[in-house]
Amino acid sequence: ARLARAATIDDLRDQARRHTPRSVFDYTDGAADDESSLTRSRELYARAEFAGQVLNDIAAVDLSTTILGEQVSMPLVLGPTGFTRMMNHEGETAVAHEARRAQVAYSLSTMGTTPLERVAEVSGPNPHWFQLYLWQDRPASIELIERARESGYSALVVTVDTAVAGNRLRDVRNGLTIPPKLTPKTFLDMATHPGWWGNLLTTEPLEFASLSNWEGTVAEMINKMFDPSVTWDDVAWLRGMWPGKVVLKGIQSAEDAVRAFDLGVDAVLISQHGGRQIGRGRPPLRVLPEVREAVGGEREVFVDGGVMSGADVVAALAHGADSVWVGRAYLYGLMAGGHLGVRRALEIFRSEITRTMQLLGVSRIADLRPEYVRLPVDPTV
Ligand code: FNR
């Protein structure tokens with residue numbers, strides 16, 4: 001009943017804040033530096049101006065489409081997020097389960113907290129993709145890729161915007177570690193979030209891909225594990241060795257998008273990691289039309305960052321995105337109420353996308369036009 005009262009993703013966010021320790025909520029909600037990469041992105045979505053057509057028959061709306069050749073019920077993708085079992089003990093399993101139930105794609109993170117084989121099992125025939133960070137320990141990366149291949153992941157989503165850790169100030173100030181440590185401060189938190197702490201301490205430890213006994217900050221982990229010397233040569237290598245689809249996640253310019261397709265990748269995801277990496281990043285929605293123009297209409301182009309409503313999704317679709325990915329939005333649901341919260345987030349998106357399209361006079365995604373969603377003029381051009 002509580003989840004049903006959440007009318008928007010923002011309502012789920014409020015509930016999430018109440019149900020999780022401050023440092024965990026902040027890890028999810030926060031961004032890098034002054035958080036401008038995220039707030040600018042949110043602002044651009046908020047300032048988009050919608051005007052479509054009237055008197056079109058929009059009685060039957062069809063949101064279904066194919067992404068990377070796979071059939072989905074709507075072009076919303078549940079993006080990769082690390083440490084998902086820290087937000088709620090149900091973790092990646094809950095997300096995969098709800099993705100399958102709703103027939104939307106899910107990309108598991110390299111930094112996931114559930115074995116990838118288990119997530120593949122829960123996903124079954126539903127599209128599930130593996131997000132890859134290349135580690136300094138290349139043999140360990142190769143082993144992970146092999147496991148992903150063997151368990152039937154159809155696409156590799158290679159994240160390229162995390163050569164080093166972004167400066168996420170909330171985490172620095174909260175002293176967040178993985179796994180969260182019991183300190184006098186967190187001890188107090190146990191009284192206000194007994195369920196969360198109970199689950200953390202009684203379910204399996206937050207063990208993931210390669211590190212079993214890690215303890216430290218997220219930034220330390222990234223800077224210790226991830227390979228900052230990765231280049232386009234590594235992308236070419238991955239393209240050659242991975243039999244399925246390859247997506248480059250974290251493309252921030254038309255020039256790099258063209259380069260990616262020249263190397264034979266199947267899709268690019270325009271992203272600045274939800275504002276968690278570079279500060280003052282250009283909003284992905286701003287970059288999207290530039291990429292679309294540079295690569296032409298046939299290439300698959302995805303976008304993410306700051307998407308918190310169905311109207312945001314429609315804005316990106318209208319400007320040429322083939323799918324729109326979300327991170328925080330479903331994590332708020334997960335934190336608010338486990339798998340049922342993820343379900344609620346998906347319901348909210350589906351009804352908002354449908355209604356927005358109807359009010360724009362559009363019943364099929366292919367009929368959305370950029371003119372229906374005007375973006376404010378870029379002050380730099
Ligand atoms: C992320 N993101 C991310 N991306 C990735 O490639 N690998 C990862 O492990 C993670 N981990 C992660 C954790 C958390 C808590 C968040 C919020 C995000 C980035 C994610 O895939 C996506 O790019 C952003 O979340 C998109 O922005 P929104 O939808 O969160 O605003």
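Read the numbers this way: they start at 1 and go in the same order the structure lists the ligands and their atoms. Numbering starts at 1 and runs along the sequence shown.
- Remark: minimum distance from atom 9 (O) of ligand 1 to any protein heavy atom is reached at Ser109 OG, 2.7 Å.
- Only the side chain of Thr159 comes within contact range of ligand 1, with a heavy atom under 4.0 Å; no backbone atom does.
- Under a 4.0 Å criterion applied to the non-hydrogen atoms of Met308, ligand 1 contributes the atoms 31 (O).
- No side-chain donor-acceptor contact under 3.5 Å links Gln131 and Ser107.
- Here the shortest heavy-atom distance to atom 26 (C) of ligand 1, taken over Thr162, Val303, Asp304, belongs to Asp304.
- Looking from atom 5 (C) of ligand 1 to the surrounding protein, the closest heavy atom is Tyr133 OH, 3.2 Å.
- With a 4.0 Å cut-off on non-hydrogen atoms, His273 touches ligand 1 through its backbone as well as its side chain.
- Ligand 1 places these atoms under 4.0 Å from at least one heavy atom of Tyr27: 13 (C), 15 (C).
- Counting protein heavy atoms only, atom 13 (C) of ligand 1 is closest to Gly82 N, 3.5 Å.
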Check: Would Thr39 and Ser36 count as a side-chain hydrogen bond (donor to acceptor under 3.5 Å, both in side chains) if you check the C-alpha gap in whole Å, the side-chain angles of each, and the deciding distance to 0.1 Å?
Finding: CA-CA 5 Å; Thr39 49; Ser36 54; 5.5 Å; no
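- For CD of Glu117, the number of neighbouring non-hydrogen atoms (other residues, nucleotides, ligands) closer than 6.0 Å is greater than 12.
- Those atoms of ligand 1 with a heavy atom of Val326 less than 4.0 angstrom away are 29 (O).
- For the residue pair Glu92/Thr114, the side-chain donor-acceptor check at 3.5 Å is satisfied.
- Residue contacts with ligand 1 do not include Gln272, since none of its heavy atoms lies under 4.0 Å from the ligand.
- Applying the side chain to side chain donor-acceptor pair (under 3.5 Å) test between Asp161 and each of His273, Gln277, Arg276 identifies His273 as the sole match.
- Among Gly305, Ser271, Pro80, Ser37, the residue whose heavy atom lies closest to atom 21 (O) of ligand 1 is Pro80.
- For the residue pair Tyr45 / Ser309, no side-chain donor-acceptor distance below 3.5 Å is found, with atom types taken as modelled.
- Annotation: Gly306 places an N or O atom under 3.5 Å from an N or O atom of ligand 1; distance criterion only.
- Atoms of ligand 1 found under 4.0 Å from any heavy atom of Lys249, numbered from 1 in the order shown, are 4 (N), 5 (C), 6 (O), 19 (C), 20 (C), 21 (O), 22 (C), 23 (O).
- Counted by atom type alone, Arg13 and Thr8 present zero donor-acceptor pairs between their side chains at under 3.5 Å.
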